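The basis for the numbers below is simple: all heavy atoms, side chains too, and nothing from hydrogens, waters or symmetry mates. These numbers were taken from a predicted model, which means no experiment stands behind them.
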Amino acid sequence: MKDAIKSRAFYLYLCEEDDPKTIAKRIRSEFKSKTPAKQIETWLKESDEKGLTWKEKKSKVQTQAMARIERLAEDVVVKVKERTSTLSSRLYDSLVSSQPEIKSLEGAIYAFKALSEMEISLDDRIKHENSPLRVAEALFRALEQIEPVAKVIQRHWPEIQKRLQEHLGKPNGEAQ
């Protein structure tokens, strides 16, 4: 029973909740157990057979999930680009052939325009996904995952926030 409770507690921590008190309350409700928040806190801090704490495992799972989502999104973009390229080629060939298979020139031109705009918007989306903002967010998440660094950031957050505001408020990020 203890393994089931610990597994469920980890699942709640991984997917839904970071607060040991809330996790303990859910565990007590679901299992009719007397699992205290202190036990959840102990499980959070103890390392498994691979030397990973729950926080480290959660970070690893989130990183893997994001990488998988990004790969899937890239695959979809590649497929869409291939299909729009094929459709654009066929549409162009039909437009310039001596006996077009299309019903109206206006319809074909509109379709060609729509496909071209969709391809451009995909390129813009890809550029946006690798924007400086996204890189900064990834860097900040990585720093937060290193416990000593995260503690320093938390301790100095008011000063960091003040400096960020100074840099972001000036042209080209120049502080006074």
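Residues forming a side-chain hydrogen bond (donor to acceptor under 3.5 Å, both in side chains) with S33 (at least two apart in sequence, or on another chain): T35. Scanning for side chain to side chain contact (heavy atoms under 4.5 Å, CB included) contacts around R155 gives V152, with sequence neighbours left out. For T63, the side-chain hydrogen bond (donor to acceptor under 3.5 Å, both in side chains) criterion is met by no residue, not counting sequence neighbours. R8 is linked by a salt bridge (Lys or Arg N to Asp or Glu O under 4.0 Å) to E30, counting only residues two or more places apart in sequence or in another chain. With sequence neighbours left out, the salt bridge (Lys or Arg N to Asp or Glu O under 4.0 Å) criterion links K6 to E46. Under the side chain to side chain contact (heavy atoms under 4.5 Å, CB included) criterion, K34 pairs with no residue, sequence neighbours left out. Applying the salt bridge (Lys or Arg N to Asp or Glu O under 4.0 Å) test to E49 and every residue at least two apart in sequence or in another chain returns nothing. Remark: E159 pairs with R163 by the side-chain hydrogen bond (donor to acceptor under 3.5 Å, both in side chains) rule, at least two apart or across chains.
There is a path of hydrophobic side-chain contacts, each under 4.5 Å, that joins M1 to I27.
Between F10 and W54, the ring center distance clears the sub-6.0 Å criterion.
Using a 4.5 Å heavy-atom threshold, the side chains of I23 and L44 count as separate.
With rounding to the nearest 0.5 angstrom, the OG1 atom of T22 is 10.5 Å from the CD1 atom of I40. Interatomic distance, OH of Y11 versus CZ of R26, reported as 9.0 Å (0.5 Å rounding). Here the CG-CZ distance, from L72 to R68, works out to 4.5 Å after rounding to the nearest 0.5 Å. The OG atom of S7 lies 11.5 Å from the CG atom of L14; values are rounded to the nearest 0.5 Å.
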What do the steps show when you test T53 against W43 for side-chain contact (heavy atoms from CB on, under 4.5 Å), and what is the final call?
-> CA-CA 8 Å; T53 64; W43 289 338; over 6 Å; no
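S29 contributes no side-chain N or O that, together with a main-chain N or O of K25, makes up a donor-acceptor pair within less than 3.5 Å.
Here salt bridge (Lys or Arg N to Asp or Glu O under 4.0 Å) pairs that include residues 54-67, with residues two or more places apart or in two chains, are D18-K58, D48-K57.
Taking each heavy atom of A24 and P36 in turn, the nearest pair found is CB-C, 3.8 Å.
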